[in-house]
Amino acid sequence: MSDLHAPLLAWYDEHARDLPWRRPEASPWSVMVSEFMLQQTPVVRVLPVHERWLATWPTPADLAAEPAGEAVRAWGRLGYPRRALRLHAAAGAIVERHDGEVPASYDDLLALPGVGDYTAAAIAAFAFGQRQVVLDTNVRRVLGRAVGGVEFPAASVTRAERDRAEAVLPDEPLAATWSVAVMELGALVCTATSPRCDACPVADLCTWRAAGHPAYDGPPRKVQAWAGTDRQCRGRLLGAVRDTDGPVHVSRLEAAWPEAAQRERCLAALVADGLLVRAGESAYALP
DNA sequence: AATTCGTGGTA
DNA sequence: TTACCAAGAAT
């Protein structure tokens, strides 16, 4: 499958988006911040927040010196605000354990809060040029189609999938560029709902296309409910605090989510998560 | 292994 | 309008 390499790398060279964390001058910290923000959040929404974040906190030590609540506030509406908390905690761990420098080793990265297999591999590859198996949703879909011949990969990463990704990964120094190129192809061409095979540099080699684009036939993929869920409730409550300076009286939170039992349950959960703190008898604030 | 955790854009 | 999806991690 090394036939995939040349056309894909050539395509990436011509079509890659100019993203701040991909520029030569981008620091490992910039890459790390981008990877946290891009966990389940599209690039276009990350761009302005990432820019402001790096301008405010150019190094891990700058962020670690702040209260966690400042990170939650700056996170804005990117979603999943516990990522802001974890990024803040990771910055603290980097100061504590790595002298303020983002570590380059996969194992050291994996040990940081909020860093799982994907993010550890991505930082090691994109910030430090290492050969790592980077398996995100894009890579999984592209390789699942091009090599595996299926429209969508399994719910969780399989051993066969990891072996396949390892098998097609070129040696250094091309490996990291290859990985970001596969991701970019998944993001721009080999998309989930409307792949543009006519624009794909490896269409001729694609197993799924050769088989006539067979439809997904695995177990039904979960659709997240939203209306009325705790996630919606938590979002409303945290949003009310995040968009206000200083403590917020419970009357404001009652207006944000009238249903009492769910509101109190979610407030307690937000406090337990460290996203909110009680401020006196009848108010809440960012930590 | 299956759930939980935000938000907003698109078809 | 509803359904689906977007560079996942933690439990």
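Just so it is clear: chains get the letters A, B, ... in the order the sequence lines come, proteins before strands, and each one is counted from 1.
Across all strands, A/W75 comes closer than 4.0 Å to no nucleic acid atom at all (heavy-atom distances). Heavy atoms of A/A122 sit nowhere under 4.0 angstrom from any nucleic acid atom. Using a 4.0 Å heavy-atom cutoff across all strands shown, A/S34 reaches no nucleic acid atom at all.
Linking ILVMFWY side-chain heavy atoms closer than 4.5 Å, directly or via other members, places A/L169 and A/Y106 in two distinct hydrophobic clusters. Hydrophobic clustering, with ILVMFWY side chains joined whenever heavy atoms are under 4.5 angstrom apart, groups A/V43 together with A/M37. Under the 4.5 Å side-chain contact rule for hydrophobic residues, A/F128 and A/L112 share a cluster.
Within 6.0 Å of the CD atom in A/E51, the count of heavy atoms belonging to other residues, nucleotides or ligands does not exceed 12.
If A/R141 and A/R86 are placed on DNA chain C by their nearest nucleotide, the residue sitting closer to the 5' end is A/R141. Between A/E184 and A/V115, the residue whose closest nucleotide on DNA chain C is further toward the 5' end is A/E184.
Spacing of P atoms, C/dT11 relative to B/dG6, comes out at 14 Å, to the nearest Å. The separation of C/dA7 from B/dT3, taken at their P atoms, amounts to 24 Å, rounded to a whole angstrom.
Counting only residues at least two apart or in different chains, ring-ring contact (aromatic ring centres under 6.0 Å, His included) contacts with residues 37-57 of chain A comprise A/W21-A/H50, A/W53-A/W57, A/W53-A/W75.
To the nearest 0.5 Å, atom CD of residue A/Q39 and atom OH of residue A/Y118 are 8.5 Å apart.
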How does each nucleotide of nucleotides 4-11 of chain B score, in 5' to 3' order, for protein heavy atoms under 4.0 Å: base (B), sugar-phosphate only (S), or none (-)? -BBBS---
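Interface limits on DNA chain C: the 5'-most and 3'-most nucleotides within less than 4.0 Å of chain A heavy atoms are C/dC4 to C/dA10.
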